[in-house]
Chemist: 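Would you mind keeping the following structure in view while I ask a few things?
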2 protein chains.
Amino acid sequence: MATTATVEVAAEPKYWHLRTVLVQTIESEFTAGQSLPNERDLAARFGVARATLRQALEQLELEGRLSRRRGAGTVVAGPRVDIALGTQGEGWPGIELGDRQLVDGTTAAVPGRLAAQLGVRPRAMVHRIRRRQLSMRQAVGIECLYVPRAIVPRVPELLGDNRRAALVLRHLRHHPLQGLTRSVEVGVAEPEEARLLERPPGTPVLVVTTSYTAQGRTAALAVATYRADTCRLAFGDVLGDHGDATEGRRGGPGAPPVPAMAMGTRSAS
Amino acid sequence: MATTATVEVAAEPKYWHLRTVLVQTIESEFTAGQSLPNERDLAARFGVARATLRQALEQLELEGRLSRRRGAGTVVAGPRVDIALGTQGEGWPGIELGDRQLVDGTTAAVPGRLAAQLGVRPRAMVHRIRRRQLSMRQAVGIECLYVPRAIVPRVPELLGDNRRAALVLRHLRHHPLQGLTRSVEVGVAEPEEARLLERPPGTPVLVVTTSYTAQGRTAALAVATYRADTCRLAFGDVLGDHGDATEGRRGGPGAPPVPAMAMGTRSAS
DNA sequence: TAGTGGTCTAGACCACGCG
DNA sequence: GCGTGGTCTAGACCACTAA
């Protein structure tokens, strides 16, 4: 009743318009790390239902512009974390690399869905090593390496996760790596993953599947899931037709060079 | 009051449980292309509000298991479309490749946000060539190539999109490609993109940014957005330490690995 | 025109974090 | 304990597709 006068070409959904306004506001009046007002206040301020406001916030979060935490609040996010994906297997042979941290190492039946990709029978035994990718004390990804027992036969049952993982990787190193195939797609985090990533179940993630080939067969399969809101996958220099290897960039394993921009994208100054 | 003696660790949200049930149902009783009951019926059947059901459906769609269209209905999706990303620039020098279709070719001021990445001044002029990636008559991605006029000076103003694009690409071919840098992240489709992809605004997309280097400077920048629900990015064989080059791309790339499964994804049978 | 998914509302309660 | 975001409900209307 209030507004019968305006014609409202509308066409654009309310949540999208809201998103646009919020983007402008964030970029002009906020800096990374700053807190936004709470959802109820924001909804009231813009004259929309909370659900509609949340639809806009969800998109901003998926874009990596906001970070929301239950109980805490909504803060403006910094630039995305670069996850360096190279051609050497991200140091798989060699756990504790850079900001990565071992989660566990087990041996169990292959998770059905991966049997074909690993080139093993449906219920074959495989070693599984999981590690966590950290950034600013925050888990941003879970990396999971599967190795068929046909490749690395067995490791003592009683060893701790750390020793088991190290052992499997050491054995794996004896297989000369021929090459790898890789795919990237979007998925949703299952409850356990979500817990490790400190996000609600169903959180969108980037799923990177890498298949390592040695001696003509699949020696290992890595399935890594990264928080879609906070991560960007960065691929190293790839050569063109016949260029010379300039190499260089993004080589350092410990701390990926993060190309200068540091805090360029957002942040006032 | 310890009234609950049971472990009760989970407290899984309803939408997630719903998702799980739906996944099982879909995998056991449906095949690609089949229609699901409408949302109101499904919600009633599972005894939840429609909004809750929709939350589950949204996730299934993001995973690529369902495909929803306004006015039509919800159908079980076939396997994801493999988007082959190689080291040759996806045939950029050479438009109409595979299932790709030219959208338009223009010359205008650089979109601000890309100036730095292109290595040009804020309002410098750049050529822009857009093409559409199709699959089963359906647009699944929009690929956009930016070329600074410092690299390809000018093309006649009056030419049609097709001629302009061809001209820019032919000029570009004279610059020997040294290498490329690439990143992948998640974003949301802006209204125009969304329209081209036949999706509502804000649809999640995979954003692939590729920077082409020639003679020590950025010769071109490609920004491609693919529907996150229907696409998987497939990277060609990448060599490890010292493997032999099996290569093979260019051969029969029209149909990447696509493991035999699923007859015609959709369309009656 | 009938039926579908897409948007939006105005509530309610819950689970978590922090002081 | 209080404030936050997360979940859920039961409606309503709109925009689109297809018969």
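Numbered from 1 within each chain, the chains take letters A, B, ... in sequence-line order.
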Chemist: Does Tyr15(B) have a side-chain nitrogen or oxygen under 4.0 Å from the phosphate oxygens OP1 or OP2 of dT7(D)?
Modeler: yes

Chemist: Do you see a donor-acceptor pair shorter than 3.5 Å between the side chains of Gln101(A) and Arg132(A)?
Modeler: yes

Chemist: Is there a donor in the side chain of Arg100(B) and an acceptor in the side chain of Gln133(B), or the other way round, less than 3.5 Å apart?
Modeler: yes

Chemist: For Leu53(B) and for Pro37(A), find the nucleotide of DNA chain D with the closest heavy atom, then tell me which residue's nucleotide is more 5'.
Modeler: Pro37(A)

Chemist: Remember a base hit wins even if backbone is also touched, and classify Ala72(B) as base, sugar-phosphate or nothing at under 4.0 Å, heavy atoms.
Modeler: sugar-phosphate

Chemist: Atom CD of Gln55(B) to atom P of dA10(D): distance rounded to whole Å?
Modeler: 15 Å

Chemist: Check the phosphate of dG6(D) against Arg54(A), side-chain N and O only, distance under 4.0 Å to OP1 or OP2. Yes or no?
Modeler: yes

Chemist: Does a side-chain N or O of Lys14(B) approach OP1 or OP2 of dG6(D) to a distance below 4.0 Å, or not?
Modeler: no

Chemist: OP1 or OP2 of dT4(D) less than 4.0 angstrom from a side-chain nitrogen or oxygen of Thr74(A), does that happen here?
Modeler: no

Chemist: Would the base of dG3(D) count as contacting Arg40(A) through its side chain, where contact means a donor and an acceptor less than 3.5 Å apart?
Modeler: no

Chemist: Check this one for me: any side-chain N or O of Thr52(A) less than 4.0 Å away from OP1 or OP2 of dT7(C)?
Modeler: no

Chemist: Any donor-acceptor pair under 3.5 Å linking the side chain of Gln59(A) with the backbone of Ala56(A)?
Modeler: no

Chemist: How is Arg69(B) classified with respect to the nucleic acid when contacts are heavy atoms under 4.0 Å: base, sugar-phosphate, or nothing?
Modeler: sugar-phosphate

Chemist: If I take atom CD in residue Glu12(B) and atom P in nucleotide dA15(C), what distance separates them, rounded to the nearest angstrom?
Modeler: 14 Å

Chemist: Atom CD of Gln59(A) and atom C1' of dG6(C): how far apart are they, to the nearest Å?
Modeler: 13 Å

Chemist: Is there, by distance only and without an angle test, a donor paired with an acceptor across the side chain of Arg199(A) and the base of dG6(D) below 3.5 Å?
Modeler: no

Chemist: If you assign Leu36(B) and Gly47(A) each to the DNA chain C nucleotide with the nearest heavy atom, which residue ends up on the more 5' nucleotide?
Modeler: Leu36(B)

Chemist: Any idea which of dC14(C), dT9(D), dC8(C) is nearest the Arg70(A) side chain?
Modeler: dC14(C)

Chemist: Nearest nucleotide by nearest heavy atom, which residue falls closer to the 5' end of DNA chain C, Asp41(B) or Pro200(B)?
Modeler: Asp41(B)

Chemist: So, does Arg68(B) get its side chain near the phosphate of dG6(C), meaning an N or O under 4.0 Å from OP1 or OP2?
Modeler: yes

Chemist: Does a side chain donor of either Thr210(B) or Arg182(B) reach within less than 3.5 Å of an acceptor in the other side chain?
Modeler: yes

Chemist: Are Asn38(A) and dT4(D) close enough that a side-chain N or O sits under 4.0 Å from OP1 or OP2?
Modeler: yes

Chemist: Can Arg164(A) and Thr107(A) be counted as having a side-chain donor-acceptor contact under 3.5 angstrom?
Modeler: yes

Chemist: Can you tell me how far C1' of dG5(D) sits from CG of Leu66(A), to the nearest Å?
Modeler: 13 Å

